[in-house]
Amino acid sequence: MDCYINLHADKIPGQWYNILADLPGEIPEERESGNNPHSKELMQKIRIKELLKQDVSKERMVKIPEEVMEKYLAAGRPVPLMRAWELERYLGTKANIYIKREDLLPTHSFKLNSAFAQAYYAKEQGITELVSESGAGQWGLALSYACKVFGIKCRFFWVKSSMVQKAARADWCRLFGAEITASPSNITNTGREILKKDPGCPGSLGISIGEAVEYVSLHKDCAYVSGSNLPHVLMHQTIIGQEVKAQLKSIGVKPDLFIACCGGGSNLGGFMGPFFFDKEFNQGTRFLAAESDAAPRLVQGKYRYDSADPLGITPQNISYTLGRDFVPPLNHAGGLRQHNGSPVIGLLRHKGLLDAEAFSQEEALKAGKLFSMLYGVLPAPESSHALRAAINKALDAKKTHKKTEIVLCLSGNGILDINAYRNI
Ligand SMILES: *Cc1c(COP(=O)(O)O)cnc(C)c1O
């Protein structure tokens, strides 16, 4: 079998898949935050209209707009699924490992799949500036580029500890013309409140969300966008899973196990989403979320209502949460450090369809380093968590002599996170 299972550009799926059409039960409705009785109205006002519609639509398949499809093709989609021969041989396992190479996209991660779509809908609505938050900066970078491509201004609040760690990525964002603010900042009330209590606060994704939302609520002609969590983001990302499905069909493989790292849940949702309810693929198949043990919400969190920001200005949703005032310990996997996650992923977990395991930074980065030794490609620290999970499962298969088909999503490239690997 070839190493790269490629899909020809004319076989690229022309539609996104909306998992809301097939979920086993309703996502409990969003409710007002105790601290802001107008939180729902606020989000309706500051978000992009088409994306708000997508968040509640039950339409199973949604056509990808032509301009977005053009960008996908120009960015190199469909991206290959790689049979990881070298890794299998190194581990001496009977498991077959397939890796979806989202790290090959421009700006180094899968985030671009939704950034293009969101910038496109913003432009359609006549919005001139997009405002958001970013953890490790991958979403901020993808959005900076997508906004440049569609001729829109970009501003985002970046978790301070990550922005300091990843200075080269910040330079790249500025090259695209983005305005970046380290969060907590003193330009919003949210930021000032936090700094008053803790002047050395390293920031968290929740604080950055709070700052971005507040900024948009006070400024004209801009809209607030998110790079993860929400149903529309997961839907845009299903271009990943649908390509994988076509690739697996072309080689006649039915996976036993899908693995993705999980922060807000968008690479996982986009990659596995199209498989959960497809009878051709879900018989006896397991789905595994690899988390960071610095923020193990699916493993240790509670399934309950919570806000996405620490002051509670955003509405409350049900997902697994560690509590909105949770500030995770410093680590390099900035994309896996939030206190709560996607309501869709939460429901899948709650219904027993999704397994979860948490990994330490060190064990994850060791897996990333091994991958780099074998392939000359440095995985993003987040992606290394998925690799760690896959390697552990492949070693289990070695003990039991069981042939196991494992498919994982390599969500991003980590060359700009190289300092994370310094002491590994
Ligand atoms: C943002 C990011 C993640 C985590 O986000 P999800 O929404 O959980 O997918 C994982 N890997 C990379 C490379 C990222 O940029």
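All values reported here derive from a predicted model rather than from experimental measurement. By convention here, the first residue in the shown sequence is residue 1. Order of listing sets the numbers, starting from 1, for every ligand and every atom in it.
Atoms of ligand 1 found under 4.0 Å from any heavy atom of Gly412, numbered from 1 in the order shown, are 13 (C). In summary, the atoms of ligand 1 found under 4.0 Å from a heavy atom of Cys262, numbered by their order in the structure, are 8 (O). Numbered from 1 in the order shown, with element, the atoms of ligand 1 that lie under 4.0 Å from a heavy atom of Ser228 read 6 (P), 7 (O).
Polar contact check, Ser383 against ligand 1: no nitrogen or oxygen pair lies under 3.5 Å apart. The shortest N/O to N/O separation between Cys261 and ligand 1 does not fall below 3.5 Å. Residue Gln138 places no N or O, backbone or side chain, under 3.5 Å from any N or O of ligand 1. When only interatomic distances are considered, the shortest N/O to N/O separation between Ser266 and ligand 1 falls below 3.5 Å. Between Gly264 and ligand 1, at least one pair of N/O atoms sits closer than 3.5 Å.
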Going through the distances and angles, do Asp278 and Lys245 end up as a salt bridge (charged side-chain N to carboxylate O under 4.0 Å, His left out)?
CA-CA 10 Å; Asp278 183 339; Lys245 198 182 274 187; 2.7 Å; yes
With side-chain contact (heavy atoms from CB on, under 4.5 Å) as the criterion, how do Leu336 and Glu291 come out once you've worked through the C-alpha distance, each side chain's angles and the decisive distance to 0.1 Å?
CA-CA 7 Å; Leu336 306 182; Glu291 293 190 300; over 6 Å; no
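Aromatic ring orientation, Phe116 versus Tyr72: tilted (interplanar angle from 30° to 60°). Between Phe281 and Phe275, the angle of the ring planes goes over 60°, which puts this pair in the perpendicular group of the 30/60° scheme. Using cut-offs of 30° and 60° on the angle between ring planes, the pair His236 and His232 is tilted.
Residue Ala136 places no heavy atom under 4.0 Å from ligand 1.
At a 4.0 Å heavy-atom cut-off, ligand 1 touches Lys111 through the side chain alone. In Trp139, neither the side chain nor the backbone holds a heavy atom less than 4.0 Å from any atom of ligand 1. Contacts between Ala380 and ligand 1, counted as non-hydrogen atom pairs separated by less than 4.0 Å, involve the side chain only.
At least one donor-acceptor pair closer than 3.5 Å links the side chain of Trp158 to the backbone N or O of Gly135.
Side-chain atoms of Glu211 and Thr188 include a donor-acceptor pair closer than 3.5 Å.
Taking every heavy atom of both residues into account, Tyr421 and Ser384 meet most closely at OH-OG, 2.9 Å.
Here the protein heavy atom with the shortest distance to atom 4 (C) of ligand 1 is Gly335 O, 3.4 Å. In terms of protein heavy-atom proximity, atom 11 (N) of ligand 1 is nearest to Ser411 OG, 2.7 Å.
The cationic atom of Lys71 (NZ for Lys, CZ for Arg) lies less than 6.0 Å from the six-membered ring centre of Phe150 and within 45° of the ring axis.
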